[in-house]
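Contents: one structure, followed by commentary.
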Amino acid sequence: MTEPSTRTAYDSVAPLYAELFGDVLDTLPLERALLTAFAELVQAHDSGPVADVGCGPGHVTAHLHSLGLNAFGIDLSPEMIAIARRSRPDLRFDVGSMTALDLANSAVSGLLANYSLIHTPPEQLPVVFAEFARVLVPGGYLLLGFYAGDDPEPQEFDHKVTLAYRWSPGSLADLAGEAGFGEVARLVRAPNEGERFLQGQLLLREQS
């Protein structure tokens with residue numbers, strides 16, 4: 001999907017999305033555990049800010065803040081950002097694109113992309129990973145959440161909002177590796193009730 005069509009799709013569902021997923025972390029103990037590990041690793045390495053790219057209504061940004069991180073959110077959808085700003089006025093939220101982040105080189109100590117790469121066409125992901133590497137401090141951490149599968153090639157599927165892709169953890173890690181990221185850990189869990197696919201998490205570190 002192109003960024004304009006993805007933006008329009010999420011603008012149209014922003015209030016419902018915020019209502020449905022605002023407390024989703026309460027039901028995801030494994031994801032919470034990995035977010036905690038991510039926060040501890042970032043804090044041990046560098047004390048700078050952490051970007052939640054594709055932050056949606058800001059619920060995970062707020063969780064990162066509760067873990068002691070100087071977290072801020074970026075999202076393609078102005079409607080999502082408006083909701084995030086209203087619900088969490090103490091935190092920073094900006095409209096922006098992950099293909100051209102409005103951040104200086106080495107501006108952040110950590111970066112979270114929680115299911116925010118799923119609509120990116122596979123041929124555009126190298127651009128995204130290069131941007132992530134550019135804005136991270138040397139040795140900074142990147143945590144990815146995504147829909148997982150076993151096929152080495154990315155698989156299209158009909159997401160409820162707009163076209164999306166599933167990735168095998170190994171293929172996604174290899175692609176990130178081409179931008180200079182090394183794998184630290186991975187998590188693949190079975191679908192919970194209401195989920196169609198395996199759920200994947202990759203913890204990566206910038207290696208320059």
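Numbering starts at 1 and runs along the sequence shown.
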Exactly one candidate in V188, L143, L144 meets side-chain contact (heavy atoms from CB on, under 4.5 Å) with Q201; the answer is L143
- Query: Taking NZ, NE, NH1 and NH2 as the nitrogens, is one of them in E156 or R166 under 4.0 Å from a carboxylate oxygen of the other?
  - Reply: no
Between the NE2 atom in H63 and the CG atom in D23, the distance rounded to the nearest 0.5 Å is 13.0 Å
dist N114:CG -> L35:CG (nearest 0.5 Å) comes out at 7.0 Å
Interatomic distance, OG@S47 vs CG@L69, rounded to 0.5 Å, equals 11.0 Å
Minimal heavy-atom distance between D151 and Q155, with the atoms involved, is CG-NE2, 3.3 Å
Here the gap from S171 atom OG to D150 atom CG, rounded to the nearest 0.5 Å, amounts to 10.5 Å
- Message: If we ignore hydrogens and angles and just use 3.5 Å, is the side chain of E195 paired with the main-chain N or O of N192 as donor and acceptor?
- Response: yes
L103 and V135 have their tightest heavy-atom pair at CB-CG1, 3.9 Å
Nearest heavy-atom contact between T61 and G73 is CG2-N, 3.8 Å
Requested in this report: May I have the step-by-step check of side-chain contact (heavy atoms from CB on, under 4.5 Å) for F72 and D52, ending in yes or no?
Outcome: CA-CA 6 Å; F72 66 98; D52 179 6; over 6 Å; no
Original post:
Is the shortest heavy-atom distance from the side chain of L111 to the side chain of V50 under 4.5 Å?
Top reply: no
Quick one, L202 and E183 - any side-chain contact, counting heavy atoms below 4.5 Å? yes
**OP:** State whether R88 and D90 are salt-bridged, where the test is any N-O pair (Lys NZ or Arg NE/NH1/NH2 against Asp/Glu carboxylate O) under 4.0 Å.
**Re:** no
Counting heavy atoms not belonging to D102, are there more than 12 under 6.0 Å from its CG? no
Point to revise | Within-4.5 Å side-chain heavy-atom neighbours: N70 and L64 | key: no
Hits for ring-ring contact (aromatic ring centres under 6.0 Å, His included) against Y115, two or more places apart or cross-chain, chain-then-number order -> Y147
| Verdict with reasoning, F181 to F132, per ring-ring contact (aromatic ring centres under 6.0 Å, His included) | CA-CA 10 Å; F181 288 99; F132 289 174; 7.4 Å; no
Taken to the nearest 0.5 Å, the spacing of S97 OG from L76 CG works out to 6.0 Å
Within the 4.5 Å heavy-atom criterion, are V108 and V137 side-chain neighbours or not?
no
F157 ring center near F197 ring center (under 6.0 Å): yes
Hydrophobic clustering (ILVMFWY, side-chain heavy atoms < 4.5 Å, transitive) - are L101 and V95 grouped together? no
**Single-linkage hydrophobic cluster L163~L172, side-chain heavy atoms < 4.5 angstrom** = yes
**Asked** Should P57 and I83 count as side-chain neighbours, where that means a heavy-atom distance under 4.5 Å?
**Response** yes
Tightest non-hydrogen contact, residues Y141 and V184, listed as CE2-CG2, 4.2 Å
The reported gap from CG in L136 to OG in S106 (rounded to nearest 0.5 angstrom) is 8.0 Å
Could you tell me if the side chain of V128 sits less than 4.5 Å from the side chain of L117, heavy atoms only?
yes
Smallest heavy-atom separation, V127 atom then T99 atom, equals CG1-O, 4.0 Å
More than 12 heavy atoms from other groups under 6.0 Å of NE2 on H65
no
message: Between L112 and V60, does the side-chain contact (heavy atoms from CB on, under 4.5 Å) criterion hold? Intermediate values first, please.
response: CA-CA 9 Å; L112 172 68; V60 183; 3.4 Å; yes
Salt bridge between R134 and E206, side-chain N to carboxylate O under 4.0 Å? no
Original post:
For R189 and E31, what are the C-alpha separation, side-chain angles and deciding distance, and is it a side-chain contact (heavy atoms from CB on, under 4.5 Å)?
Top reply: CA-CA 10 Å; R189 67 162 175 80; E31 282 83 346; 2.7 Å; yes
Could you check whether R85 makes a cation-pi contact with F93, meaning its NZ or CZ is under 6.0 Å from the centre of the six-membered ring and within 45° of the ring axis?
no
- Check whether L187 and F38 end up in the same hydrophobic cluster, where Ile, Leu, Val, Met, Phe, Trp and Tyr are linked by side-chain heavy atoms less than 4.5 Å apart. yes
Start with the C-alpha distance between S116 and M98, add both sets of side-chain angles, then the distance that settles side-chain contact (heavy atoms from CB on, under 4.5 Å), and finish with yes or no. CA-CA 9 Å; S116 49; M98 68 179 71; 3.9 Å; yes
| Below 4.5 Å, heavy atoms only, C-beta onward: do D94 and I81 meet side chain to side chain? | no
Heavy-atom nearest pair, L25 first then R32, reads O-NH1, 2.7 Å
